[in-house]
*Asks:* 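Below you'll find the structure I mean.
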There are 2 protein chains.
Amino acid sequence: MDDVARRAGVSRALVSLALRGSDKVSPASRAAVERAASELGYRPNLNARNLASKRTSTFGVLINDLHNPYFPAVVDGIKRAADEAGYRLVINSAFLDEDAEVAAIDAFVEFRVDGVILVGARCGAAAIERAAQAVPIVLVSRPLASDVVDTINNDDHLGAQLVVEHLVSLGHEHVCHVEGVTGAGGPERRAGYVETMERHGLEPHIQPGAFTEASGVDAAERALDDGRPVTAVFAGNDLSALGVLDVLDGRGLAVPGDVSLVGYDNTFVAALRHIALTTVDQNRQRLGALAVEALLERVEGGRTTARHEVIPPELVVRETTGPPRSLG
Amino acid sequence: MDDVARRAGVSRALVSLALRGSDKVSPASRAAVERAASELGYRPNLNARNLASKRTSTFGVLINDLHNPYFPAVVDGIKRAADEAGYRLVINSAFLDEDAEVAAIDAFVEFRVDGVILVGARCGAAAIERAAQAVPIVLVSRPLASDVVDTINNDDHLGAQLVVEHLVSLGHEHVCHVEGVTGAGGPERRAGYVETMERHGLEPHIQPGAFTEASGVDAAERALDDGRPVTAVFAGNDLSALGVLDVLDGRGLAVPGDVSLVGYDNTFVAALRHIALTTVDQNRQRLGALAVEALLERVEGGRTTARHEVIPPELVVRETTGPPRSLG
DNA sequence: CTCCGTTGTTGAAGCGCTCCAATCATTGTG
DNA sequence: CACAATGATTGGAGCGCTTCAACAACGGAG
């Protein structure tokens with residue numbers, strides 16, 4: 001930086017101002033500085049800048065599992081909103097390891113990011129609230145009743161309701177739900193399912209599961225061997241729906257001819273033409289954008305109370321749902 | 001840090017040493033420092049540390065497109081190797097935008113990361129080589145004949161050869177290849193296909209395409225309407241294979257009964273039981289691990305010449321390949 | 001009892017930037 | 001023509017850490 005200043009014939013302070021586009025720099029010196037900088041191949045040192053200015057203009061984004069096709073769209077939304085607000089992003093993934101998650105959050109704190117977005121974090125609430133004392137934190141896709149961190153979630157209860165309404169309107173009465181016990185939103189989806197079924201005077205039929213393809217396979221086999229009639233399956237997420245689909249195929253049951261199938265999340269797999277799964281879209285881009293908005297409110301707006309946002313999801317009807325055979 | 005020093009009754013310098021686990025600190029003062037630090041909730045400032053020590057112990061990882069299911073496994077391998085070597089990771093994604101890619105690389109340089117790993121980067125070679133003057137760079141999944149950056153790739157030529165050998169050994173003579181023109185590795189796969197076909201005295205049949213599902217659909221339709229017989233399709237990657245699969249399904253052609261199908265990459269989609277696509281595994285974890293290794297050789301080993309690694313892929317036979325109907 | 005090698009500890013000098021108060025140059029006003 | 005107001009520029013302090021030469025304390029060898 002000294003070199004740049006000397007070469008441009010100005011002081012270091014002016015170089016700093018010019019390079020950051022301050023408006024109190026004469027066009028002449030700005031040009032001189034820019035020429036000198038590019039001739040010297042000068043790159044400002046972010047560490048020094050962050051240290052001196054006591055802010056990083058950076059948000060940390062922690063993704064619980066990079067492998068999960070659910071996340072990219074959320075990060076997409078975050079990225080777009082952050083770009084617009086002039087913030088940089090630092091992404092990290094914990095690959096499902098809780099300790100790694102906490103370590104990653106700590107790293108964000110040590111780096112002094114201006115805010116942290118946790119997407120689908122699995123780690124304990126205590127660790128999160130502790131970190132929240134040092135930096136604003138917003139949780140996406142993980143409900144948490146806290147008054148120190150913000151949360152942004154889709155309305156899982158409503159999403160499940162949409163699914164059941166759709167199936168019922170097609171004429172289904174025997175809708176089985178493959179729940180996602182541990183996963184985020186699982187309990188809410190289940191509750192929405194049960195409530196809506198009962199409102200229509202139908203008997204809930206729940207098979208335990210997780211948010212994986214394998215659990216979908218198990219649940220489907222149990223459901224079909226159970227004895228109770230099943231004309232439609234509402235899987236807890238797209239991945240488990242694929243497991244169900246496999247079993248249906250394997251048993252020669254046509255979809256949606258014999259059994260209708262619905263997933264949740266609208267991941268790109270559901271959109272593959274060869275699968276064309278009816279599912280629920282959470283509007284993940286919006287989820288990400290709202291997370292950034294919440295952070296900005298705290299960082300630049302000075303908000304200190306927690307904000308808990310719940311946005312409505314949308315049913316995406318594709319080719320795995322239709323009227324039950326008896327009506328067909 | 002001053003507070004910690006005072007509370008522990010030692011100097012700031014000693015706090016620094018103790019917190020980084022130096023071995024020339026007495027157990028007594030180490031304990032005192034650690035207690036003081038945790039009581040005060042002290043978090044070292046990474047920016048200050050990086051500035052003072054002139055190294056960050058961090059590698060920057062740039063993923064060309066977060067949405068592509070190809071990448072997570074590579075990052076997984078990188079993460080594991082970096083952890084082991086005591087390096088932190090900073091991940092970023094450009095979402096297919098070349099300018100964003102260059103900007104992200106610049107950001108890595110400004111942050112003074114110790115090394116950069118570009119996974120599937122699309123941006124111009126010039127930009128990469130320029131950045132390479134400031135920081136060691138290794139390219140994964142993007143061949144580039146350069147003597148300033150390292151590259152780590154799978155042997156696409158060999159992979160294609162494995163595919164053709166597999167199909168030929170099943171009895172296929174009419175193997176169509178849906179190429180991936182622009183994508184990384186596309187040309188090499190094509191060349192491997194052509195060469196192996198010709199070695200077996202078979203006539204190559206190539207349909208242009210890209211590495212997307214939609215292009216697979218188009219290519220498959222063209223191939224089937226073309227007039228030439230087709231008993232097997234070798235798609236450039238898994239995604240385009242899914243497009244092909246959809247067309248085959250739509251036309252009532254059984255897979256592999258009427259037509260065999262092979263992809264490339266072994267993404268998790270290929271492994272879905274409902275799809276069970278025969279494909280080629282690049283050993284992406286290894287790719288990532290080798291990238292870290294290459295970086296370490298430069299950073300800690302002082303290597304300055306370029307290293308170009310090509311690792312052999314493996315055929316993964318699932319359920320979309322079988323003997324052609326005429327032999328069945 | 002002195003001298004020296006260890007081991008543990010410290011003060012101070014940076015690292016490369018930002019930011020503030022102070023300075024200088026210029027223009028407009030009565 | 002002096003004086004204030006405005007705009008452009010600068011020197012220097014300071015951000016929170018690491019590093020290194022220098023120093024204190026201490027036991028063992030001569």
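The chains referred to below are lettered A, B, ... by the order of the sequence lines, with proteins before strands, and numbering in each begins at 1. Below, each value reflects all heavy atoms present in this structure, side chains not excepted, and no hydrogens, waters or symmetry copies. Because the structure is predicted, anything quoted here is derived from the model rather than measured.
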*Asks:* Applying a 4.0 Å non-hydrogen cut-off, can you work out what A:K24 is touching in the nucleic acid: base, sugar-phosphate, or nothing?
*Replies:* base
*Asks:* Would you kindly give the CG-to-C1' distance between A:L17 and D:dT9, to the nearest whole Å?
*Replies:* 9 Å
*Asks:* By nearest heavy atom, map B:D23 and B:A52 onto DNA chain C; which one lands nearer the 5' end?
*Replies:* B:D23
*Asks:* Give the rounded distance in Å between these two atoms: CZ of A:R49 and P of D:dG16.
*Replies:* 18 Å
*Asks:* Taking CG from B:D2 and P from D:dG16, how many angstroms apart are they, rounded to a whole number?
*Replies:* 9 Å
*Asks:* To the nearest 0.5 Å, what is the distance between CZ on B:R88 and CG on B:L46?
*Replies:* 5.0 Å
*Asks:* What I want to find out is whether A:D3 reaches A:R6 closely enough, with some N-O distance under 4.0 Å, to be called a salt bridge.
*Replies:* yes
*Asks:* Report which part of the nucleic acid A:R20 touches: base, sugar-phosphate, or nothing (heavy-atom distance under 4.0 Å, all strands).
*Replies:* sugar-phosphate
*Asks:* Is there a donor in the side chain of A:S16 and an acceptor in the side chain of A:R20, or the other way round, less than 3.5 Å apart?
*Replies:* yes
*Asks:* Figure out the CZ/P separation between B:R43 and D:dC17, and round it to whole Å.
*Replies:* 11 Å
*Asks:* To the nearest Å, how far apart are B:L14 CG and D:dC23 P?
*Replies:* 19 Å
*Asks:* Could you grab the distance from atom CD1 of A:I91 to atom CD1 of A:I63, nearest 0.5 Å is fine?
*Replies:* 5.5 Å
*Asks:* Would you write the dot-bracket representation of DNA chain C, where each base gets (, ), [, ], | or . depending on whether it forms a Watson-Crick or G-U pair under 3.5 Å and with which partner?
*Replies:* ||||||||||||||||||||||||||||||
*Asks:* In Å and rounded to the nearest 0.5 Å, what is the OG1 to OH distance from B:T58 to B:Y87?
*Replies:* 9.0 Å
*Asks:* Examine the side chains of A:D156 and A:N154 and answer whether a donor and an acceptor come within less than 3.5 Å of each other.
*Replies:* yes
*Asks:* Using a distance-only test with no angle check, is there a side-chain donor-acceptor pair under 3.5 angstrom linking B:S57 and B:R55?
*Replies:* yes
*Asks:* Rounded to whole Å, how long is the line connecting atom CG of B:L51 with atom P of D:dT18?
*Replies:* 11 Å
*Asks:* When you check the gap from the basic side-chain N to the acidic O, do A:R80 and A:D83 get nearer than 4.0 Å?
*Replies:* no
*Asks:* Taking atom P of D:dC15 as reference, at what distance in whole Å does atom CG of B:D3 sit?
*Replies:* 12 Å
*Asks:* Just the rounded figure in Å: distance from C1' of D:dC15 to CZ of B:R12.
*Replies:* 12 Å
*Asks:* Between which nucleotides of DNA chain C, read 5' to 3', does contact with chain B run, using atoms under 4.0 Å from its heavy atoms?
*Replies:* C:dG8 to C:dG16
*Asks:* Run the ring-centre check on A:F111 versus B:F111 and record whether the distance is less than 6.0 Å.
*Replies:* yes
*Asks:* If you pin B:A48 and B:A13 to their nearest nucleotides in DNA chain C, which one's is more 5'?
*Replies:* B:A13
